[in-house]
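Beneath this line is the structure, given in structure tokens, with notes to follow.
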Amino acid sequence: MPGYGTGRELPRAGASGAPGDELDEDVEFWGLLYLDPLLELRLLTEETTGRTESAPGTRPPGEALAAAAPALVEDARLRGPLDAAGLTEDFAAAVAAVLTAEDCRRFLRAPAEGAGPAELARAFVAEAVRRGTGRQGPAAAPDGTARDAAVARIAALLPGPGDEPGTHRGPVTRRIKRLTGRLALGLASAQAVRRRSALTDAAHPAAGDVMLYLARGGPIREAVAEAVLTAEPPVVLLAHSLGGIAALDLLVLRPLPQVALLVTVGSQAPFLYELGALPSLEPGSPLPAHVPRWLNVYDRRDLLSYLGAGVFPGRVADIALDSRQPFPLSHSAYWSNPELYRVLAEELP
């Protein structure tokens with residue numbers, strides 16, 4: 001498992017991927033915003049409660065922001081990053097929902113000094129992500145780079161000061177961190193309850209599918225084998241999550257020389273092998289020689305992805321991707337990450 005403290009974890013190059021760095025803080029901050037898109041606005045507004053009331057007739061600081069926001073949906077340059085992040089469908093409703101929320105109205109009446117466009121942009125995007133991932137049915141989480149490009153464009157279109165678009169490292173951020181520290185216990189309790197639901201919703205379909213497969217996996221393997229046999233060789237098996245378990249099982253149990261490459265993405269196959277729960281292979285047994293070359297793609301923030309190189313030395317190459325998304329979104333964000341397709345283009349036979 002990525003990040004698990006054993007000798008089977010792959011070493012990381014440099015310190016930029018180490019837990020606790022600025023990138024991890026950024027990802028965790030977005031994780032909170034996905035749960036509560038108004039959190040940042042609320043914290044910044046709370047910091048201003050002691051300020052003197054504006055004189056009668058004075059224009060509220062956020063009035064220009066509120067006036068400019070509805071026109072965002074008409075910006076042609078914004079559509080590109082929104083499309084890339086899969087947020088176009090929900091963006092207009094997200095903007096309307098944020099602007100009409102009482103927390104946002106209070107923020108716009110009295111934003112903290114230096115706050116404005118970037119914070120509001122993050123609220124719009126976080127609400128769009130929340131709406132998109134909350135609908136029924138599978139949906140790929142947005143890639144972090146596309147998400148941040150959308151934030152940057154929104155912040156550039158809105159009037160007023162702000163920190164560097166797409167980041168949380170300016171003076172405003174430091175104030176948020178101080179506030180968050182003072183509110184840590186209260187926030188932790190509320191967010192833990194909300195995150196428990198999110199984690200459960202993400203994990204239980206995968207766990208249920210795995211248990212079903214372990215009990216009745218034969219027909220699933222046969223369906224994959226039939227697809228292989230009807231395809232023109234060389235065949236590449238590209239499988240996500242449970243699909244990686246079924247694909248590996250099939251290739252262990254049945255020589256299929258048509259398959260030139262196995263690519264598993266966010267898969268639990270190495271973990272099941274170590275548990276002794278992989279139907280095709282006893283713990284400690286090596287992979288048969290007929291199993292083809294195997295690439296195992298993982299994201300260290302995807303709690304349902306596992307490393308394979310230490311479990312099957314010399315037989316599997318682990319490839320790390322970083323969606324810059326917190327779990328559970330990280331488990332589905334592979335498919336919106338351009339880096340995955342660059343890897344596949346380089347590796348396909």
Side-chain angles (χ1 to χ4, degrees), residues 3 15-47 81 85 87 94 98 101 103-104 107 111-112 114-134 141-155 158 161-199 202 299-303 322-331 333 336-337:
S16 62
D21 64 10
E22 288 185 340
L23 180 57
D24 280 297
E25 291 178 357
D26 184 76
V27 170
E28 288 305 312
F29 193 88
W30 275 108
L32 290 175
L33 290 180
Y34 293 155
L35 293 170
D36 184 355
L38 301 172
L39 174 64
E40 186 175 14
L41 305 185
R42 189 162 56 250
L43 289 177
L44 286 171
T45 304
E46 288 172 351
E47 192 177 27
L87 302 177
V98 170
D103 285 333
C104 181
F107 169 78
E119 292 74 28
L120 198 57
R122 286 191 283 270
F124 292 155
V125 169
E127 175 64 18
V129 172
R130 188 191 67 80
R131 287 169 174 262
T133 57
D143 174 61
T145 300
R147 175 203 63 204
D148 287 350
V151 169
R153 181 58 184 165
I154 295 166
L158 294 175
D163 58 5
E164 182 183 348
T167 73
H168 317 290
R169 303 186 183 98
V172 172
T173 300
R174 289 192 287 273
R175 290 198 290 273
I176 291 174
K177 289 180 179 178
R178 289 197 298 270
L179 282 167
T180 304
R182 292 197 294 268
L183 297 171
L185 292 178
L187 281 174
S189 177
Q191 296 297 342
V193 171
R194 298 183 69 178
R195 181 163 287 191
R196 178 182 179 184
S197 298
L199 295 177
D299 185 325
R300 66 185 179 86
R301 297 185 179 90
D302 175 11
L303 304 186
D322 187 357
S323 67
R324 299 173 59 201
Q325 295 289 2
F327 185 80
L329 294 185
S330 54
H331 189 56
S336 57
N337 188 338

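Predicted model only: the values in this text are computed from it and were never measured.
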Compare every heavy atom of [Y] with every heavy atom of [X], then report the nearest pair and how far apart it is.
X      : Y      : result
Pro326 : Gly31  : CG-CA, 3.4 Å
Ala150 : Pro81  : N-CB, 3.6 Å
Pro142 : Val129 : CG-CG2, 3.8 Å
Ala121 : Ala155 : CB-N, 4.0 Å
Ser336 : Asp143 : O-CB, 3.0 Å
Phe327 : Leu303 : CD1-N, 3.4 Å

Could you tell me whether the side chains of Asp299 and Ser330 share a donor-acceptor contact shorter than 3.5 Å?
-> no

Intermediate values then yes/no, salt bridge (Lys or Arg N to Asp or Glu O under 4.0 Å), Asp26 and Arg122 = CA-CA 12 Å; Asp26 184 76; Arg122 286 191 283 270; over 6 Å; no

Separation between [atom1] of [X] and [atom2] of [Y], rounded to the nearest 0.5 Å:
X      : Y      : atom1 : atom2 : value
Glu119 : Leu43  : CD    : CG    : 11.0 Å
Leu329 : Arg324 : CG    : CZ    : 14.0 Å
Asp103 : Glu40  : CG    : CD    : 12.5 Å
Arg131 : Leu87  : CZ    : CG    : 12.5 Å
Leu33  : Glu28  : CG    : CD    : 11.5 Å
Asn337 : Thr145 : CG    : OG1   : 7.0 Å

Tell me, with the steps shown, if Ser323 and Val27 meet side chain to side chain contact (heavy atoms under 4.5 Å, CB included).
-> CA-CA 9 Å; Ser323 67; Val27 170; over 6 Å; no

Where the side chain of Glu127 meets the backbone of Phe124, is there a donor-acceptor pair that is under 3.5 Å apart?
-> no

Check whether any side-chain heavy atom of Trp30 lies under 4.5 Å from a side-chain heavy atom of Asp148, and answer yes or no.
-> yes

Please determine if Arg301 and Asp322 form a salt bridge, counting it only when a charged side-chain N lies under 4.0 Å from a carboxylate O.
-> yes

